[in-house]
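Beneath this line is the structure, given in structure tokens, with notes to follow.
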Amino acid sequence: MLKKLIFGALGLIVLVVGIILVRTFSYGGEPVGQRVDLPEAPAISAESAARHLSEIIQFKTVTLSGGDPRPGQDGEWLALHDWLSETYPAAHAAMTREIVPGTLTLLYTWPGSDPSLKPILLMAHQDVVPVNMGTESDWTGAPFDGEIIDGFVYGRGAIDDKGNLVGLMEAADALAASGFQPKRTVLFMFGHDEEVLGSGAEAGVALLKSRGAEPEMVLDEGFMIIDPSPLSGKPMGIIGIAEKGYVTVEVTAIAQGGHSSTPPRNSANVNLAKAILALEDNQMPADFSKPPVSDLFRAAGKDMPFAQRMALANLWLFQGMVESSLANNSAGNAMVRTTTAPTMLRGSAKENVLPQRAVATVNFRVHPNDTPDDVVQHVKDVTAGIEGIAVETGGDGINSPASPVSPTDNRAYAVLASVAEMAGNGAPVAPGLVLGATDSRYAAAITSNIYRFAPAIMTPEELTGFHGTNERISVENMGRLSKGYAQIILGMDGPDE
């Protein structure tokens with residue numbers, strides 16, 4: 001009897017191990033979506049594109065808060081508009097340009113010869129974030145000089161997002177100069193205030209909606225080819241097919257104030273601290289089961305180390321371990337759940353006075369599995385047992401759900417994936433979830449085909465330039481962007497599918 005039990009247990013172990021190994025070795029590598037043959041793009045000089053990026057960086061189109069630039073402070077934007085006209089004459093001859101009423105957002109229309117085809121909308125933004133005071137000397141190249149040093153263009157906006165704007169215009173100018181006439185109308189929208197509320201893009205999309213536009217594809221900033229990818233340690237192209245939502249919650253602790261010489265137990269500050277710790281210790285649930293996260297992991301699977309691949313291939317057994325591992329990595333954690341970020345604290349106005357109200361501002365980036373209402377309820381549930389806590393939405397008034405998840409079985413994704421594979425020298429390509437917000441979120445009002453990708457290769461170190469010190473992009477990448485955008489326009493110039 002004992003032998004039977006032992007052999008039975010061994011047999012079960014062998015079976016489980018076999019299942020784990022079969023699932024591990026068969027996990028990953030399957031491409032998401034189709035691929036297309038890409039037309040040859042006209043020749044575009046990377047060096048010329050880099051020089052043009054250098055010039056556009058010198059326009060200090062900085063936005064700080066909603067409503068920027070204020071009346072009378074729009075000179076840099078207007079100068080940038082004039083520069084575009086002078087720098088890209090062929091594109092401006094082929095397209096009509098308008099300023100979206102009430103904004104400084106630019107909308108270009110390149111009419112297609114076949115009105116039965118839906119247009120494509122290509123987006124970028126003109127504004128940039130400020131440079132932190134006192135950090136200017138930390139830059140290799142001054143942040144608004146656009147210096148080209150050792151093969152890189154330095155400056156605020158190089159990768160967020162003037163590099164993409166220049167790449168788009170380089171592509172349009174080269175195509176127009178070559179005599180290309182699109183069958184499908186091509187729209188370009190360059191928002192003026194993406195870094196604050198994106199009101200320009202919102203108004204631009206509303207204008208397109210009023211005209212009945214239903215783009216076959218919207219393309220904005222987001223991901224690129226990352227080398228090496230944190231998932232696999234090898235190059236990997238990622239195409240954003242959704243982006244997180246945004247909601248800010250104010251958690252207020254109310255208690256009796258007074259003199260600090262006779263502090264009570266559980267003062268407002270103490271109860272607020274308890275609430276913050278409770279939110280930190282009780283995160284919103286993670287989920288690996290749905291696209292784009294599930295597709296991203298699977299596409300990277302073949303290049304992953306064996307142990308990592310085994311864990312992801314067998315979440316039925318290792319999900320707890322994977323979730324724990326991702327929770328300790330800020331980017332990984334953000335991919336799989338709604339994130340919780342206490343950002344601002346307010347309390348007493350004087351060191352020896354106990355506040356009657358202590359307030360924490362907590363910012364949440366909302367995963368597609370959740371809604372802003374889910375977030376608020378989660379905060380209320382987690383803090384329910386703490387005395388004197390009140391919860392309400394706050395912040396800058398931004399309260400937006402995660403975007404819908406765009407399809408990967410259409411021509412738009414196939415073209416983008418093909419361009420990404422070519423730009424990345426055959427690197428695997430997968431859909432992904434964009435962790436920040438882009439102007440393209442407003443385009444959900446006119447299409448379900450919204451993608452966030454730029455055909456450039458970036459290292460994790462270069463990506464630290466987003467809103468950081470030493471923002472830069474290589475001259476080589478300016479060539480990739482220009483060529484890649486031209487191929488996207490050419491690749492989409494076919495029948496709707």
Would a 4.5 Å heavy-atom cut-off, applied to side chains only, mark Phe188 and Met123 as touching?
no
Is it the case that over 12 heavy atoms from other parts of the model lie below 6.0 angstrom from the CD atom of Gln58?
yes
Do Glu250 side-chain atoms and Val391 backbone N/O form a donor-acceptor pair below 3.5 Å?
no
Any donor-acceptor N or O pair under 3.5 Å, side chains Asp287, His367:
no
Is a donor on one side and an acceptor on the other found under 3.5 Å between the side chain of Asn132 and the backbone of Thr135?
no
How many angstroms lie between atom CD1 of Ile276 and atom CG of Asn271, to the nearest 0.5 angstrom?
11.5 Å
For Ala360 and Leu345, which heavy atoms make the closest approach, and how far apart are they?
CB-CD2, 3.7 Å
Can you check whether Leu121 reaches Met189 side chain to side chain, under 4.5 Å on heavy atoms?
yes
Flag side-chain contact, heavy atom, 4.5 Å: Arg156 against Val129
yes
Kindly indicate, with the supporting measurements, whether the criterion salt bridge (Lys or Arg N to Asp or Glu O under 4.0 Å) is fulfilled by Arg441 and Glu202.
CA-CA 9 Å; Arg441 67 190 183 277; Glu202 184 177 23; over 6 Å; no
Taking C-beta and beyond as the side chain, do Lys290 and Asn369 meet within less than 4.5 Å on heavy atoms?
yes
Answer yes or no: is there a side-chain heavy-atom contact under 4.5 Å between Tyr246 and Asn363?
yes
Gap between atom CG of Leu277 and atom CD1 of Ile386 - 0.5 Å precision
8.5 Å
Less than 3.5 Å apart, which donor and acceptor atoms pair up between the side chains of residues 220-230 and the rest of the protein, not counting sequence neighbours?
| unit_1 | atom_1 | unit_2 | atom_2 | d |
| --- | --- | --- | --- | --- |
| Asp220 | OD2 | Asp439 | N | 3.4 |
| Asp220 | OD2 | Ser440 | N | 3.1 |
| Glu221 | OE2 | His125 | NE2 | 3.1 |
| Ser229 | OG | Leu231 | N | 3.1 |

Donor-acceptor pair, side chain of Asp193 and main chain of Asp68, under 3.5 angstrom:
no
What verdict does the salt bridge (Lys or Arg N to Asp or Glu O under 4.0 Å) test give for Glu147 and Arg472, after you've listed the backbone C-alpha separation in whole Å, the side-chain angles of each residue and the deciding distance to 0.1 Å?
CA-CA 10 Å; Glu147 295 178 83; Arg472 66 179 191 171; over 6 Å; no
For the pair Gln283 (side chain) and Glu280 (backbone), establish whether a donor and an acceptor sit closer than 3.5 Å, ignoring hydrogens and angles.
yes
Measure across Asp160 and Glu471 and return the closest heavy-atom pair with its distance rounded to 0.1 Å.
N-OE2, 2.9 Å
Between Tyr413 and Asn449, do the side chains contain an N or O donor and an N or O acceptor separated by less than 3.5 Å?
no
Check the side chains of Asp373 and Gln377 for a donor-acceptor pair under 3.5 angstrom, ignoring hydrogens and angles.
no
Is atom NZ of Lys234 surrounded by more than 12 heavy atoms (other residues, nucleotides or ligands) closer than 6.0 Å?
no
With distance as the sole test, does Thr408 use its side chain to make a donor-acceptor pair with the main-chain N or O of Gly33 at under 3.5 Å?
no
CZ (Arg346) and OG1 (Thr361) are apart, to the nearest 0.5 Å, by 5.0 Å
Closest approach of Ala334 to Thr339 (non-hydrogen atoms, all atoms of both residues):
CA-CG2, 3.6 Å
Within a reach of under 6.0 Å around CE of Met321, are more than 12 heavy atoms found that belong to other residues, nucleotides or ligands?
yes
Cationic N near anionic O, under 4.0 Å, Lys60 to Glu76
no
Is the shortest distance from a Lys or Arg side-chain nitrogen in Glu98 or Arg211 to a carboxylate oxygen in the other one below 4.0 Å?
yes
Supply the atom-to-atom distance Asp145 CG to Trp139 CH2, rounded to the nearest 0.5 angstrom.
10.5 Å
Go through the side-chain N and O atoms of Thr61 and Lys162 and say whether any donor and acceptor fall under 3.5 Å apart.
yes
Check the pair Tyr154, Ile473 against side chain to side chain contact (heavy atoms under 4.5 Å, CB included), reporting the backbone distance first and the verdict last.
CA-CA 7 Å; Tyr154 283 83; Ile473 190 169; over 6 Å; no
Any chance you could measure Ser403, atom OG, to Tyr442, atom OH, to the nearest 0.5 Å?
13.0 Å
Going through the checks in order, is the side chain to side chain contact (heavy atoms under 4.5 Å, CB included) test met by Phe144 and Phe59?
CA-CA 7 Å; Phe144 289 102; Phe59 298 105; over 6 Å; no
Is it the case that more than 12 heavy atoms not belonging to Glu387 sit under 6.0 Å from its CD atom?
no
For Asp150, I'd like to know if atom CG has over 12 heavy atoms of other residues, nucleotides or ligands within 6.0 Å.
no
Below 4.0 angstrom, N of the basic side chain to O of the carboxylate: do Arg51 and Glu55 qualify?
no
Assess whether side-chain hydrogen bond (donor to acceptor under 3.5 Å, both in side chains) is satisfied between Glu351 and Ser260, documenting all intermediate values.
CA-CA 8 Å; Glu351 65 187 75; Ser260 63; over 6 Å; no
Side chains of Val376 and Glu392: closer than 4.5 Å at any heavy-atom pair?
no
Do we see a donor-acceptor contact under 3.5 Å between the side chains of Thr338 and Asp370?
yes
For the CZ atom of Phe453 and the CG atom of Asn164, what is their distance to the nearest 0.5 Å?
10.0 Å
salt_bridge(Glu323, Arg337) N-O dist < 4.0 Å:
yes
For Ala443, does its backbone N or O pair with a side-chain atom of Lys209 as donor and acceptor, under 3.5 Å?
no
With no hydrogens and no angle check, do the side chains of Asp303 and Ser232 hold a donor and an acceptor under 3.5 Å apart?
no
Side-chain touch Tyr485/Leu122, heavy atoms, less than 4.5 angstrom
no
Test your reading of the model: is there a side-chain donor-acceptor pair from Asn314 to the backbone of Met310, 3.5 Å cut-off?
yes
Test your reading of the model: is there a side-chain donor-acceptor pair from Ser54 to the backbone of Gly146, 3.5 Å cut-off?
yes
Is Thr87 reaching over with its side chain to a backbone N or O of Leu84, donor-acceptor style, under 3.5 angstrom?
no
Is it the case that Thr371 and Asp374 place a side-chain donor and acceptor less than 3.5 Å from each other?
yes
Classify the ring geometry between Phe288 and Phe297 as parallel (under 30°), tilted (30 to 60°) or perpendicular (over 60°).
tilted
Can you confirm whether the side chains of Thr469 and Asp138 place a donor and an acceptor under 3.5 Å from each other?
no
Apply the test side chain to side chain contact (heavy atoms under 4.5 Å, CB included) to residues Leu187 and Ile120: give CA-CA distance (whole Å), side-chain angles for both, the deciding distance (0.1 Å), then the verdict.
CA-CA 6 Å; Leu187 303 167; Ile120 62 173; over 6 Å; no
Would you find a donor on one side and an acceptor on the other, under 3.5 Å apart, between the side chain of Arg97 and the backbone of His81?
yes
Using side chain to side chain donor-acceptor pair (under 3.5 Å) as the criterion, list what pairs up with Ser474, not counting sequence neighbours.
Asn477
Below 4.5 Å, heavy atoms only, C-beta onward: do Val362 and Val379 meet side chain to side chain?
no
Using the side-chain hydrogen bond (donor to acceptor under 3.5 Å, both in side chains) rule, take Arg70 and Ser65 through it: C-alpha gap first, then chi angles, then the decisive distance, then the call.
CA-CA 10 Å; Arg70 308 291 167 174; Ser65 58; 3.2 Å; yes
